[in-house]
Each structure stands twice: as structure tokens, then as C-alpha cells.
Amino acid sequence: QLTQYTGRFSSLVGAGGGQAPAIVGWQSASPLEVDIGDEQAARVGQAVYILPLGVDVGGRARFPDELISHAVVTTDAAEAFDQGSAFSLSRGSMVIDFAPVPFDGAFTPTRLALAMTPGDPSFRFDGASTATRPLPDDKQPAQDDPVGDEATAFPIDGIPEIQLFDRSTGRWMEFAHMTPGLQLSVSEPERYVDSAGHFLVRFVNRQAANSGSAYFTLLTDLQGSLP
């Protein structure tokens with residue numbers, strides 16, 4: 001339950017160290033005893049303790065999906081939530097900050113691979129990927145209104161559009177609609193990944209407001225080098 005049956009802690013656990021190595025321990029009693037006046041009540045409880053540890057990373061480094069955490073930055077959708085291993089998004093957009101385990105030194109990215117599925121947390125990278133670039137400038141939506149006024153039909157594959165924040169230009173760059181399960185390698189990853197390994201993703205759902213929500217998973221794989 002702590003990992004939602006995946007290889008990492010759920011973001012719902014709220015571990016202060018993100019996806020860093022951790023010692024996990026249990027106590028067969030609650031850390032907080034609650035009394036209600038003079039009432040006698042049986043106490044049944046169990047507490048879990050998560051102690052994040054430091055980690056040294058140097059040289060060539062790879063951070064697979066299990067070592068990359070995420071946090072919701074902002075959303076303008078009526079329904080948008082992070083389930084830990086998957087996201088849900090109605091018409092609107094949602095910005096997510098992805099980051100590998102903390103490390104010292106300036107990270108130089110050499111590969112950023114992405115894959116989307118309609119909410120399948122069991123999906124895993126197989127290593128192969130297809131290179132991808134953002135859409136041409138004349139196909140890019142408005143920076144401050146990526147959803148627009150027009151509504152599109154609910155995508156058959158159930159996944160929204162995806163944009164990456166280009167740190168070199170300060171613009172959101174949209175990519176072609178991703179095929180579920182297809183692994184893509186983003187060209188020029190240094191444009192999107194900063195020296196701490198963070199990269200921003202904006203999901204955009206342009207379906208009609210009464211069409212429900214898209215439920216999807218994004219898998220990431222980040223490679224590069226450290227001093």
C-alpha cells in the first residue's frame with residue numbers, strides 16, 4: 001500500500017525525501033494516544049515511519065521512473081488530481097514538476113524519455129524509443145491559453161496532450177499526440193531539464209467540459225552526467 005504496488009513510494013505518502021532511499025519501520029501502537037473524557041476505549045493502531053537517507057551520485061547517471069518523483073504545481077481544470085501512480089484531468093490543463101532523487105552537483109542531461117498510457121501503472125520501459133521534437137511554431141497553441149475555446153472529441157486512447165517547458169526560451173512546447181505505450185526520446189533534453197534534473201510537464205485536455213476526465217500515466221526515464 002505504501003508503494004501502490006509499484007517500485008516507489010506513492011506521492012500520497014508525503015515522504016520528505018521524495019524518492020530517495022529510505023528506512024521503513026513499523027510500531028504496533030499509534031504514536032498519538034487519544035482520550036475522550038473518562039470513557040474507556042480499546043486502542044488499536046499501527047504507525048509507519050519513513051526515514052529518508054542521503055545518496056551520492058556521480059559520473060554517468062540514469063534515473064528510471066522509480067527514482068523520479070513529481071508534484072502538482074498548478075491546474076485550471078474543474079477536476080484534476082494526482083493519484084500517485086496516475087493522473088485524472090477534465091477539460092483544462094495541469095502542470096507537474098518532475099525531479100529525480102536529490103543529489104549534489106550540476107546535472108547535464110543526455111536523454112529524456114517519456115511514455116504515456118491510459119492509467120496503466122504496471123507499464124514499464126523496454127529500453128527502445130523513438131526520437132521526437134515539438135510541433136512547428138505555427139502549430140503551437142497560445143502560451144497563456146493552451147486549451148482554447150473550441151472543444152474536441154474525447155480521445156479514444158483516453159490520454160491528453162503533453163507540453164514541456166523550454167527553459168532556454170521560457171515557452172511551453174507542445175508535442176504531437178502521444179501513442180499509448182510508445183516510448184519517445186525528447187530531442188535536445190537540455191532545453192527542458194535543469195541542472196537539478198527538474199523538468200516541467202503541462203497536460204492539456206481540450207475535450208468538451210461535460211465529457212468526463214482523462215485518466216492516464218506518464219512514465220519517465222532521465223539520463224545524464226554529474227561531476
Side-chain angles (χ1 to χ4, degrees), residues 2-4 6-24 50-75 80-87 93-116 121 124-125 127 129 131-134 143 146 162-175 178 183-204 216-227:
L2 287 174
T3 63
Q4 294 188 333
T6 65
R8 58 176 162 184
F9 286 128
S10 164
S11 61
L12 305 180
V13 172
Q19 303 305 322
I23 295 176
V24 181
I50 302 176
L51 288 78
L53 303 176
V55 58
D56 290 330
V57 182
R60 295 177 60 185
R62 179 195 173 201
F63 300 99
D65 192 66
E66 291 83 0
L67 294 181
I68 297 179
S69 61
H70 64 264
V72 177
V73 177
T74 184
T75 181
F81 66 83
D82 171 14
Q83 195 180 33
S85 59
F87 304 96
S93 65
M94 177 167 56
V95 175
I96 310 292
D97 179 21
F98 288 85
V101 295
F103 51 76
D104 293 327
F107 180 70
T108 301
T110 58
R111 182 174 187 266
L112 174 61
L114 307 172
M116 292 184 72
R124 290 293 177 267
F125 278 106
S129 60
T132 183
R133 293 181 177 275
Q143 291 290 303
I162 186 171
Q163 300 179 350
L164 296 178
F165 183 70
D166 187 340
R167 299 176 185 275
S168 65
T169 63
R171 298 176 59 205
W172 287 99
M173 304 303 292
E174 184 161 324
F175 289 72
M178 294 180 67
Q183 300 168 57
L184 300 177
S185 179
V186 178
S187 298
E188 301 179 283
E190 67 276 6
R191 293 171 54 183
Y192 312 102
V193 183
D194 70 10
S195 60
H198 286 246
F199 55 96
L200 293 173
V201 175
R202 182 160 70 178
F203 299 115
V204 181
F216 57 96
T217 297
L218 177 69
L219 276 77
T220 61
D221 188 275
L222 180 64
Q223 298 182 31
S225 60
L226 283 160

Q | Shortest non-hydrogen separation from P100 to H198 and the atoms involved | A | CD-N, 4.3 Å
(Q) I want to check something: taking the side chain as every heavy atom from C-beta on, are L114 and T132 in contact at a cut-off of under 4.5 Å? (A) no
Q | Heavy-atom pair with the smallest gap, counting every atom of Y192 and D166 | A | CD2-CA, 3.8 Å
Q | Nearest heavy atoms of L112 and V193, plus distance in Å | A | CD2-CG2, 4.1 Å
Q.
Quick check for you: to the nearest 0.5 Å, what is the distance between L51 atom CG and I23 atom CD1?
A. 6.0 Å
Q | Whether R167 side chain and R191 backbone form a donor-acceptor pair below 3.5 Å | A | no
Q) Are D221 and P64 close enough that some pair of their side-chain heavy atoms sits under 4.5 Å apart? A) yes
(Q) For a 4.5 angstrom cut-off between non-hydrogen side-chain atoms, does L184 reach F175? (A) no
Q: List the atom of V201, the atom of W172, and the distance in Å for their closest heavy-atom pair.
A: C-CZ3, 3.8 Å
Q. Mind checking whether S225 and T108 have side chains closer than 4.5 Å, heavy atoms only?
A. yes
Q. Taking side chain as C-beta onward, heavy atoms only, is L222 less than 4.5 Å from F98?
A. no
(Q) I need the minimum non-hydrogen distance between S93 and T75, along with the two atoms involved. (A) O-OG1, 2.7 Å
Q: Supply the atom-to-atom distance T220 OG1 to D65 CG, rounded to the nearest 0.5 angstrom.
A: 4.5 Å
(Q) Once rounded to the nearest 0.5 Å, what's the spacing between atom OG of S195 and atom CG of L226? (A) 10.0 Å
Q: Give a yes or no on whether the backbone of F87 and the side-chain of D82 come within a donor-acceptor separation of less than 3.5 Å.
A: no
**Q.** Beyond-backbone contact of R202 with E174, side-chain heavy atoms, under 4.5 angstrom
**A.** no
Q | Pairwise side-chain contact, D194 with F199, heavy-atom cut-off 4.5 Å (strictly under) | A | no
Q: Can you measure from CZ (R60) to OG1 (T110) and round to the nearest 0.5 angstrom?
A: 7.5 Å
Q. Side chains of E190 and E188: does their closest heavy-atom pair fall under 4.5 Å?
A. yes
Q. Going from CZ on F165 to CZ on R171, what distance comes out if it is rounded to the nearest 0.5 angstrom?
A. 10.5 Å
Q. Should the pair F216 and F203 be assigned to parallel (<30°), tilted (30 to 60°) or perpendicular (>60°) ring geometry?
A. perpendicular
Q: State, to 0.1 Å, how close R111 and S185 come at their nearest heavy-atom pair, and which atoms those are.
A: CG-OG, 4.0 Å
(Q) Rounded at 0.5 Å granularity, tell me how far CZ in F63 sits from CZ in F107. (A) 5.5 Å
